[in-house]
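Comments concern the structure below.
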Amino acid sequence: MFKLLKTDDKTKARRGQLTTAHGVIQTPIFMPVGTQGTVKTLHPDDLVDLGSQIILGNTYHLNLRPGLDVIRAAQGLHKFSSWDMPILTDSGGFQVWSLAKLRKISEEGVAFANHLDGSKMMLSPESSMEIQATLGSDIAMLFDECPPYPCDEKYAADSLALTTRWAKRCKQWHEENRSSIVPWQLDNSLIANPTEVSRQLAFGIVQGSTYADLREQSAKELIEIGFDGYAVGGISVGEPEYEMIRAIDNAVPHLPQDKPRYAMGLGTPPQMLEMIARGVDMFDCVMPTRVARHGLAFTHDGPIHIKNKEFELDQRPLTETTHPSVARFSRSYIRHLWRAKEMLALRLLSFHNLHFYLQLMEQAREAIDNGNFTEFKDAFIARYTANSK
Ligand code: GUN
């Protein structure tokens, strides 16, 4: 299911290949976020054109709207959204904490009032896995509690113990029920490029906040339960960058070499390269598409704000290596679209930013293959940070 193709000599960077029911993913990889079953402003063909190998969906949002009856009628999220490549779904716990109101956590799960109409709902390890199975994602995440930052050690330890107990329940539900509930998940005739993997994979999520011993404990407990891959959660929750890196350093060395590792909710381009150097294989982040909708474009010299006057007459493309669909437009024109509140501006900036992220991953993979990852990383970060405004 996961093949480690090469490990870098100087860093812990890895080249790998993850096989899922809907296709094979080359790692390291960035996964565009399609919370509502769409990557905002983009057509699925755009995502293929950009070289996206996998996208994200979300249990919390899709369960709320359109709801499982609609998903069942469509025979799963792939068919519903016309995306025939791999999908990873987050378990919903994180979104309950960030979006819902009146949250109440118990051993059973989390009760909350949803952010759309305030009606009362409940998510539990079993219901999260059931929703993810019904969505028919290729990779389901376990239902966890993501503690806030800062977090005292007692809270972090109790929370981690709960996440481990929930992980056991997720695993049990997944083993016992998955195939009977979602026949379309096992139906290769619905998949354009079926692989030898015909089941949904399940990933554990290492928690433990900023505490090294708790991160180690969490990793060991999850490995004992046994998952197809392991994520590091509870990062990018408002902590300084050095704490984020420390959390990765505290977790990744305890994870098995032969399973994929996923840093949840990250990050900036330099952060992703630093994490790859520490042995992380997978990333997701709303940043490239969210900041695009605020007029920000990633460049090799750091992000630029397209509304700035300095681009008024700038005839250059956003970057020298952007996708041909975007390269035909000048900064001057995209600035004009932005100022005129034209929708094409949002679309071009989203397309460009995802291209920047996916190209960075492709270059990282190539550099690991060629044995020059450190040189590539250092040169990229030096240029990116030297000129960042
Ligand atoms: N997305 C970003 N961080 C997290 C996390 O800690 N848990 C989950 N489930 N999703 C996340």
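Values reported hereafter were calculated over all heavy atoms of this structure, with side chains retained and with hydrogens, waters and symmetry mates removed. Just so you know, ligand 1 is whichever comes first in the structure, and atom 1 is the first atom listed for that ligand.
Nearest heavy atoms, C285 versus G265: SG-O, 3.7 Å.
With respect to D369 and K6, no salt bridge is recorded, no charged nitrogen being found less than 4.0 Å from a carboxylate O.
The protein atom (non-hydrogen) at minimum distance from atom 5 (C) of ligand 1 is D144 OD2, 3.6 Å. The single protein non-hydrogen atom nearest to atom 4 (C) of ligand 1 is F94 CD1, 3.5 Å, given as residue, atom name and distance. Atom 10 (N) of ligand 1 has D90 OD2, 2.6 Å as its closest protein atom, hydrogens excluded (heavy atom only).
For the pair D45/D49, no side-chain contact is recorded, criterion being any heavy-atom separation below 4.5 Å from C-beta on. In this structure, F376 and N370 have side chains that are not in contact, with every pair of non-hydrogen atoms separated by 4.5 Å or more.
R215 pairs with exactly one of I248, V232, V252 by the side chain to side chain contact (heavy atoms under 4.5 Å, CB included) rule, that one being V232.
Listed by number with element, the atoms of ligand 1 under 4.0 angstrom from any heavy atom of G233 are 5 (C), 6 (O). Taking every heavy atom of C146 and a limit of under 4.0 angstrom, the matching atoms of ligand 1 come to 6 (O).
Using a 3.5 Å distance cut-off with no hydrogens or angles, the side chains of T163 and Q207 do not pair a donor with an acceptor.
In this structure, CG on L337 lies 11.5 Å from CE on M343, to the nearest 0.5 angstrom.
In this structure, S91 is part of the shell of residues with a heavy atom less than 4.0 angstrom from ligand 1.
When Q95, Q207, M264, E145 are checked for heavy-atom proximity to atom 2 (C) of ligand 1, M264 turns out nearest.
Using a 4.0 Å cut-off between heavy atoms, I205 contacts ligand 1 through its side chain alone, with no backbone atom that close.
Taking distance alone, with nitrogen or oxygen atoms compared against 3.5 Å, G234 approaches ligand 1 more closely than that limit.
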